[in-house]
Amino acid sequence: QVQLVESGGGLVQPGGSLTLSCEASGLNLAYYAVGWFRQAPGKEREGVSCISNSDGDTYYDDSVKERFTVSRDDAKSTVYLQMNDLKPEDTGVYLCAADSGTAIETMCKNSWADWWGQGTQVTVSS
């Protein structure tokens, strides 16, 4: 049974930082690209950042460039999203997803993935 479990969300003030983790089980994460997606109330799901499995190439949405960093540790079957300088508009449920055959930019822009986690809430508010 494939599972992706996100953790690390919470309430943070504007300008603060959080690190999200996505731990995978039931699959060999080394064979999958992984993406982080954000679902805000009343808005469509959007791809925040994606990382490839082959060369570690990364993609970031323009809204998070220079503030967010995605990384992976396949030995731990875990992908991370370091979020700095958080803004109220970063608020939402953050989901991770894994896909075995889609280019990372396509994955992020179209929210395409084979497997999805349940998400972790991030709230940026003073």
Side-chain angles (χ1 to χ4, degrees):
Q1 180 183 0
V2 175
Q3 281 192 312
L4 299 175
V5 180
E6 303 92 339
S7 61
L11 173 64
V12 63
Q13 292 186 340
S17 298
L18 284 174
T19 299
L20 305 183
S21 299
C22 170
E23 184 172 0
S25 60
L27 55 77
N28 187 341
L29 195 64
Y31 295 124
Y32 290 81
V34 177
W36 285 98
F37 299 82
R38 178 167 65 201
Q39 181 83 60
K43 294 186 177 181
E44 290 189 0
R45 182 177 298 176
E46 60 178 345
V48 173
S49 180
C50 292
I51 184 168
S52 72
N53 60 301
S54 56
D55 55 8
D57 193 18
T58 56
Y59 170 87
Y60 296 95
D61 185 77
D62 286 345
S63 65
V64 305
K65 281 181 180 176
E66 309 300 328
R67 299 190 297 122
F68 290 12
T69 303
V70 63
S71 61
R72 62 190 296 157
D73 184 341
D74 290 337
K76 295 182 178 180
S77 292
T78 302
V79 174
Y80 305 95
L81 185 67
Q82 173 69 43
M83 306 187 294
N84 298 326
D85 190 22
L86 283 160
K87 305 175 186 298
E89 52 264 40
D90 294 319
T91 294
V93 176
Y94 282 70
L95 307 97
C96 69
D99 191 86
S100 61
T102 304
I104 57 171
E105 184 169 346
T106 301
M107 179 183 181
C108 258
K109 287 185 173 180
N110 294 283
S111 296
W112 286 353
D114 296 328
W115 305 102
W116 290 87
Q118 294 297 309
T120 184
Q121 176 71 43
V122 172
T123 303
V124 185
S125 175
S126 54

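Heads up: numbering here begins at 1 and tracks the sequence. Worth knowing before you read on, the calculation uses all heavy atoms, side chains too, and leaves out hydrogens, waters and symmetry mates.
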Worksheet entry | Interatomic spacing from CG in D61 to CD in E105 - rounded to 0.5 Å | 10.5 Å

Discussion item. For E89, I'd like to know if atom CD has over 12 heavy atoms of other residues, nucleotides or ligands within 6.0 Å.
Written reply: yes

Worksheet entry | Any side-chain donor near an acceptor of the partner, T19 and Q82, under 3.5 Å | yes

Discussion item. Quick check for you: to the nearest 0.5 Å, what is the distance between D99 atom CG and D114 atom CG?
Written reply: 4.0 Å

Practice prompt. Output, in order, the C-alpha distance, side-chain angles, deciding distance and verdict of side-chain contact (heavy atoms from CB on, under 4.5 Å) for V48 and M83.
Written response: CA-CA 11 Å; V48 173; M83 306 187 294; over 6 Å; no

Fill in: Heavy-atom check, side chain of P88 versus side chain of P14, under 4.5 Å
yes

Discussion item. Could you check whether any side-chain heavy atom of N53 comes within less than 4.5 Å of a side-chain heavy atom of R72, counting everything from C-beta outward?
Written reply: yes

Worksheet entry | Residue pair C50 / V70: nearest heavy atoms and the distance that separates them | O-CG1, 4.2 Å

Practice prompt. Specify the closest pair of heavy atoms between L29 and T78, including all atoms of both residues, with the distance to one decimal.
Written response: CD2-N, 3.7 Å

Practice prompt. Verify the neighbour count for atom CH2 of W116: are there more than 12 heavy atoms of other residues, nucleotides or ligands below 6.0 Å?
Written response: yes

Fill in: Derivation of the side-chain contact (heavy atoms from CB on, under 4.5 Å) call for L86 and F68
CA-CA 9 Å; L86 283 160; F68 290 12; 3.8 Å; yes

Worksheet item: For the atom pair CD (E44) and OG (S111), what is the distance rounded to the nearest 0.5 Å?
Response: 8.5 Å

Fill in: Close side-chain approach of L20 to V122, heavy-atom, < 4.5 Å
yes

Worksheet item: What distance do D74 atom CG and Y31 atom OH have between them, rounded to the nearest 0.5 Å?
Response: 10.5 Å

Worksheet item: Are the side chains of Y80 and S71 in touch, meaning some heavy atoms are under 4.5 Å apart?
Response: yes

Worksheet item: Do Y94 and L11 belong to the same hydrophobic cluster, where Ile, Leu, Val, Met, Phe, Trp and Tyr are linked whenever their side-chain heavy atoms lie under 4.5 Å apart, directly or via other members?
Response: no

Discussion item. Determine whether a donor-acceptor pair (N or O, by modelled atom type, separation under 3.5 Å) exists between the side chain of N84 and the backbone of S17.
Written reply: no

Fill in: Shortest non-hydrogen separation from G8 to L18 and the atoms involved
O-CD2, 3.7 Å

Discussion item. Strictly below 4.0 Å, N to O, side chains only: are D90 and K87 in salt-bridge contact?
Written reply: no

Worksheet item: Nearest heavy-atom pair of W115 and L4: which atoms, and what distance?
Response: O-CD1, 3.4 Å

Fill in: Heavy-atom side-chain proximity of V79 to C96 below 4.5 angstrom
no

Item to complete: Please tell me if the side chains of Y59 and C108 come closer than 4.5 Å, counting only heavy atoms from C-beta onward.
Response: yes

Practice prompt. Taking T123 for its side chain and T91 for its backbone only, find out whether a donor-acceptor pair lies under 3.5 Å.
Written response: no

Worksheet, complete the sentence: Output for pair (L95 CG, R38 CZ), nearest 0.5 Å, gives 11.5 Å

Item to complete: Search all heavy atoms of G47 against all heavy atoms of F37 and return the closest pair with its distance.
Response: CA-CD2, 3.4 Å

Worksheet item: Atom CG in L81, atom OH in Y60: separation rounded to 0.5 Å?
Response: 7.5 Å

Worksheet item: Looking only at atom types and distance, does a side-chain atom of Q39 sit under 3.5 Å from a main-chain N or O of G92, one as donor and one as acceptor?
Response: no

Worksheet item: Do you know the tightest heavy-atom contact between M107 and W112?
Response: CG-O, 3.0 Å

